[in-house]
Amino acid sequence: MSGYRDFLVRADEYALLNGMGGDGRLPVLIGFAVQNYLNEGMGYDGFDGGVRRTWKSAAAFGLRKVLDDADPCADLPRLAVVAVSLEFSPQLASWLIARSVLHDDAASRDDVLDDFLSRDEACVPRDEGMEALTDQVVDWANSGGVDAGRMDAGRRVLDALAATSRTGHGFDCGNVARQACALRALLDLAVGDVAAAYRQASDVMAADPLNDLAFSLVERTYTLMNPDPGASGVGLSDASGRGM
């Protein structure tokens, strides 16, 4: 049995054996998932590419499943697998989550999934980094094409991941929690809530000045709230608060 499948089979049992219930389960499951990922993939000649692809695929399809569920946070083991991607492939995982939430049709989401599975974190082009993702979200905000139900599911998933900023199974979930907070700010920006996006991204930057997504969001939202009087086409109908 693969490390991923072994994790899914044993996840609930492991959490119960460690006396964790309710809100305490997810950090423990993330730590357990990370341990399974590293144990399966690490070798004398580096990390096994096949293992990385297996867990990326699991994260992509797991994210699709939880976003489509009536209760996006009911399947905590799959959320933990998504967290593994946020920890080890934060830029690719951020693109996957944002685009999976914001694309409003199934065909587009299929393209997003295929693109994610074909990429490696080390090969993210500069023009597809976190600044480009922020720019694309501003375009979504200006188009007004965000599905409310999908947005609610995305927020609930990110809120659950953002609440895991403590150690679980010997693993510090802080990076996962901060990236989830930055993505939550990105969704605020997508619905035109520039001030909320700025505040949340600033909080992430205060905790982790090297977080690329938070840095990009702080720069862009500050510009939107303090536009150059001579500039045109800044975007968002009311950059001082909720624009939509």
Side-chain angles (χ1 to χ4, degrees), residues 1-16 20-37 40-41 50-119 121 133 146-164 168-169 173 176-177 179-181 183-184 186-187 190:
M1 185 179 293
S2 72
Y4 159 65
R5 295 191 181 281
D6 183 54
F7 164 72
L8 286 185
V9 168
R10 297 175 56 207
D12 287 326
E13 175 190 1
Y14 180 84
L16 290 172
M20 303 302 293
D23 293 340
R25 286 180 61 217
L26 186 54
V28 170
L29 292 177
I30 291 173
F32 188 41
V34 167
Q35 181 190 58
N36 275 261
Y37 176 73
E40 184 183 14
V51 170
R52 182 179 289 111
R53 286 189 293 274
T54 295
W55 281 78
K56 278 180 62 181
S57 177
F61 286 100
L63 178 66
R64 171 175 288 188
K65 182 178 185 301
V66 297
L67 288 175
D68 288 342
D69 279 351
D71 181 357
C73 299
D75 195 338
L76 293 185
R78 293 192 191 279
L79 280 185
V81 174
V82 173
V84 171
S85 275
L86 278 175
E87 174 68 24
F88 294 102
S89 299
Q91 293 206 22
L92 280 176
S94 294
W95 270 97
L96 171 71
I97 292 171
R99 294 170 71 191
S100 294
V101 172
L102 296 172
H103 275 299
D104 58 0
D105 64 275
S108 295
R109 293 195 290 270
D110 285 343
D111 291 341
V112 168
L113 189 147
D114 291 342
D115 185 58
F116 172 74
L117 294 177
S118 69
R119 301 292 185 93
E121 182 76 5
L133 178 57
V146 179
D147 179 82
R150 194 84 176 169
M151 179 66 72
D152 179 65
R155 282 174 166 160
R156 292 171 67 187
V157 165
L158 292 172
D159 285 346
L161 292 170
T164 61
H169 191 64
C173 299
V176 170
Q179 195 69 16
C181 285
L183 283 162
R184 185 64 168 77
L186 193 74
L187 297 190

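Note that the structure is predicted; figures quoted are calculated from it, not measured.
Minimum heavy-atom separation, A60 to L96: CA-CD2, 3.9 Å. Looking at every heavy atom in both residues, A160 comes nearest to C73 through CB-SG, 3.8 Å. Closest non-hydrogen pair, A162 versus A180, comes out as N-CB, 3.7 Å. Nearest heavy atoms, A80 versus L26: N-CD1, 4.1 Å. Closest non-hydrogen pair, V157 versus P72, comes out as CG2-CB, 3.7 Å. Contact detail for A98 and L133: the closest heavy-atom pair is CB-CD1, 3.9 Å.
With contacts defined as side-chain heavy-atom distances shorter than 4.5 Å, the pair L183/V101 does not qualify. Side-chain contact between L67 and S100: present, with at least one pair of heavy atoms (C-beta onward) separated by less than 4.5 Å.
Among residues two or more places apart in sequence or in another chain, the side chain to side chain donor-acceptor pair (under 3.5 Å) test is passed with S94 by Q179. Listed by chain and number, the residues in a side chain to side chain donor-acceptor pair (under 3.5 Å) with R156 are D71 (sequence neighbours excluded).
If you run side-chain contact (heavy atoms from CB on, under 4.5 Å) between L29 and each of L76, L79, V81, only L76 comes through.
Here the straight-line distance linking atom CG of L102 with atom CG of L186 works out to 7.0 Å at 0.5 Å rounding.
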Next on the checklist: Pair I97, V82 - check side-chain contact (heavy atoms from CB on, under 4.5 Å), show working.
Outcome noted: CA-CA 9 Å; I97 292 171; V82 173; 4.2 Å; yes
Item to check | side-chain contact (heavy atoms from CB on, under 4.5 Å) assessment of T54 paired with E40 | outcome: CA-CA 11 Å; T54 295; E40 184 183 14; 5.5 Å; no
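In this structure, R78 pairs ionically with D75, as a charged nitrogen and a carboxylate oxygen lie closer than 4.0 Å. A salt bridge links D68 to R150: at least one charged side-chain nitrogen sits closer than 4.0 Å to a carboxylate oxygen.
Aromatic ring pairs are classed by plane angle as parallel below 30°, tilted from 30° to 60° and perpendicular above 60°; the pair Y37 and F88 is tilted.
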